[in-house]
Amino acid sequence: MPAGLFWFLAALSILAALGVVLQRNPVHCLLALVLTLLAIAVLFIGQDAIVVGFLQAIVYAGAVMVLFLFVIWLLNLPVESGPTGHLALKLFGTLAVAALLAELAVFLVPSRLQLKFSSAHAAGYGSIDALSQTLFSEYLIAFEVTSVLLLVAVIGAVALARRTTQAELQERKEASARVEKAA
Amino acid sequence: MVSLSWLMALSAAIFVIGVGGFLTRRNILVMFMSIELMLNAVNLAFVSLGSRLGTMDGQVIVFFVMTVAAAEAAVGLAIIISIFRSRETVHADDLTLLKW
């Protein structure tokens, strides 16, 4: 990967990540997130992780983010009018972020990881062939468990988002009103 | 070839921005997006280290992280829709029913 491309993508992904956190309109946050995901996908491809890079662009930036967008539109969220939340929380968040950044700066220095790095890749590195060889031999059990996880997630999502009848909704509202009155 | 240090620094920066967003934003959907940012920062670290070590394991783990993130997004968004239907809010501070 050329150095110029890396710096462009790094600046783009950090700016877009800041956009996710700082913008008021949820749709704009989501579009900034898509931009971050695409920049990271190109970074993947630049490091010969070609299949994973395309999966990132298609599955993550494509499918998962469209799901987010549908939910934002479905809920018809208003734009936040001003800064929300407690000031103390923001202060705590800033402190925690600074502490975490310092910690990562100390621990993520590659020379401390004591690993043997090589700069050249074997032929076919990152191809769909190499990925599936590893996935279906070493990680076969994890792969099968993942399929169960996806099945459970589908059933759970349908059960949770199922349209409730008016009577059930009324009952739920009464129950939460009772709890609030008791509190 | 870009040095590994810069890739790890970029990954750390994106992760930290995600943590900051999760701690300071109160809109549940934006908190969710911050979680996605953190997951992607970790993915970037996995791919960079795997690429320098010349193994495919990092990329396989990224594959699993993507699957778990998709499952998490599906279930989490279903929960958000369900909450919005009965409470009509996505503001995390309004959902204090379990708070003692």
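The chains referred to below are lettered A, B, ... by the order of the sequence lines, with proteins before strands, and numbering in each begins at 1.
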| With hydrophobic residues grouped by side-chain heavy-atom distances under 4.5 Å, do A/Ile40 and B/Trp6 end up in a single group? | yes

| query | Residue by residue, which of residues 129-136 of chain A have a heavy atom closer than 4.5 Å to a heavy atom belonging to chain B? | reply | A/Ala130, A/Leu131, A/Thr134, A/Leu135

| task | Before giving the answer on side chain to side chain contact (heavy atoms under 4.5 Å, CB included), spell out for A/Phe70 and B/Leu77 the whole-Å C-alpha distance, their side-chain angles and the decisive distance to 0.1 Å. | result | CA-CA 10 Å; A/Phe70 275 156; B/Leu77 291 173; over 6 Å; no

| Does any non-hydrogen side-chain atom of A/Val21 lie less than 4.5 Å from one of B/Phe22? | no

| message | For A/Tyr125, give me all partners under ring-ring contact (aromatic ring centres under 6.0 Å, His included), at least two apart in sequence or on another chain. | response | A/His121

| More than 12 non-hydrogen atoms from neighbouring residues, nucleotides or ligands closer than 6.0 Å to CG on A/Leu140, yes or no? | yes

| Minimum side-chain heavy-atom gap A/Phe44-B/Asn43 below 4.5 Å | yes

| Largest heavy-atom contact set with chain B, pairs under 4.5 Å, which of A/Leu91, A/Leu67, A/Val64 | A/Leu67

| message | Working note: A/Phe6 + B/Leu7, criterion side chain to side chain contact (heavy atoms under 4.5 Å, CB included); need CA distance, chi angles, decisive distance, verdict. | response | CA-CA 9 Å; A/Phe6 169 76; B/Leu7 281 162; 3.5 Å; yes

| field | Which atoms of B/Thr55 approach chain A - backbone, side chain, both or neither, heavy atom under 4.5 Å | value | backbone

| field | Leading residue by heavy atom contact count with chain B [cutoff under 4.5 Å; candidates A/Ala96, A/Gly126, A/Gly156] | value | A/Gly126

| If you count heavy-atom pairs under 4.5 Å between each of B/Leu29, B/Ile61, B/Val62 and chain A, which one has the most? | B/Leu29

| message | Suppose a student defines contact as a heavy atom less than 4.5 Å from any heavy atom of chain B. Which residues in residues 28-35 of chain A would they list? | response | A/Cys29, A/Leu30, A/Leu33

| same_hphob_cluster(A/Ile58, A/Leu38) at 4.5 Å side-chain heavy-atom cutoff | no

| task | Identify which part of A/Ala159 has an atom lying under 4.5 Å from any heavy atom of chain B, answering side chain, backbone, both or neither. | result | neither

| task | Tell me, out of A/Ala63, A/Ala153, A/Pro26, who's got the most heavy-atom pairs with chain B below 4.5 Å. | result | A/Ala153

| message | Please identify, among B/Leu53, B/Val19, B/Ile81, the residue contributing the most non-hydrogen atom pairs under 4.5 Å to chain A. | response | B/Leu53

| field | B/Val75, part contacting chain A, at a heavy-atom distance under 4.5 Å | value | both

| Least distance between heavy atoms, B/Gly20 atom then A/Val97 atom | CA-CG2, 3.3 Å

| query | Side chain, backbone, both or neither: which part of A/Ile14 has a heavy atom under 4.5 Å from chain B? | reply | both

| So A/Phe143 and B/Phe63, would you call those rings parallel, tilted or perpendicular, with 30° and 60° as cut-offs? | parallel

| field | Single-linkage hydrophobic cluster A/Leu160~A/Ile155, side-chain heavy atoms < 4.5 angstrom | value | no

| request: For residues A/Thr36 and B/Met33, determine if any side-chain heavy atom of one lies less than 4.5 Å from a side-chain heavy atom of the other. | output: no

| request: Go through the atoms of B/Ile83 and report whether side chain, backbone, both or neither lie under 4.5 Å from a heavy atom of chain A. | output: neither

| request: Would you give the length of the straight line joining atom CD of B/Glu88 to atom NZ of A/Lys173, rounded to the nearest 0.5 angstrom? | output: 5.0 Å

| remark: So CG of A/Leu43 and OG of B/Ser51: to nearest 0.5 Å the spacing works out to 11.5 Å

| said: Heavy-atom pairs under 4.5 Å with chain B - which of A/Gly46, A/Ala142, A/Pro2 has more of them than the others? | reply: A/Ala142

| said: Counting only non-hydrogen atoms closer than 4.5 Å, does B/Val30 touch chain A with its backbone (N, CA, C, O), its side chain (CB onward), both, or neither? | reply: side chain

| Which residue pairs pass the side-chain hydrogen bond (donor to acceptor under 3.5 Å, both in side chains) test when at least one of the two sits in residues 31-42 of chain B, sequence neighbours left out? | A/Gln56-B/Asn40, A/Tyr60-B/Glu36

| query | With only heavy atoms counted, which part of B/Ile14 is less than 4.5 Å from chain A, the side chain, the backbone, both or neither? | reply | side chain

| message | For a 4.5 angstrom cut-off between non-hydrogen side-chain atoms, does A/Ser13 reach B/Leu10? | response | yes

| B/Val16 portion near chain A, given a 4.5 angstrom heavy-atom threshold | both

| Looking at B/Met66 and A/Val52, what are the two nearest heavy atoms and their distance? | CE-O, 3.7 Å

| Honestly curious: do B/Val68 and B/Phe46 fall in one hydrophobic cluster under the side-chain, below-4.5 Å linking rule? | no

| remark: Closest heavy-atom pair, B/Ile17 versus A/Ala17, reported as atoms and distance to 0.1 Å, is CG2-O, 3.5 Å

| said: Does any part of the side chain of A/Thr94, heavy atoms only, come nearer than 4.5 Å to the side chain of B/Leu23, both counted from C-beta? | reply: no

| Below 4.5 Å, heavy atoms only, C-beta onward: do A/Phe92 and B/Thr24 meet side chain to side chain? | no

| query | Can you tell if the side chain of B/Ile80 reaches within under 4.5 Å of the side chain of A/Leu75, non-hydrogen atoms only? | reply | yes

| message | Applying side chain to side chain contact (heavy atoms under 4.5 Å, CB included) to B/Ser48 and A/Gln47, what does each step give before you reach the verdict? | response | CA-CA 7 Å; B/Ser48 311; A/Gln47 297 185 76; 3.5 Å; yes

| query | Side-chain heavy atoms under 4.5 angstrom apart, residues restricted to Ile, Leu, Val, Met, Phe, Trp, Tyr: same cluster for A/Ile128 and A/Ile50? | reply | no

| query | Is the shortest heavy-atom distance from the side chain of A/Glu138 to the side chain of B/Val60 under 4.5 Å? | reply | no

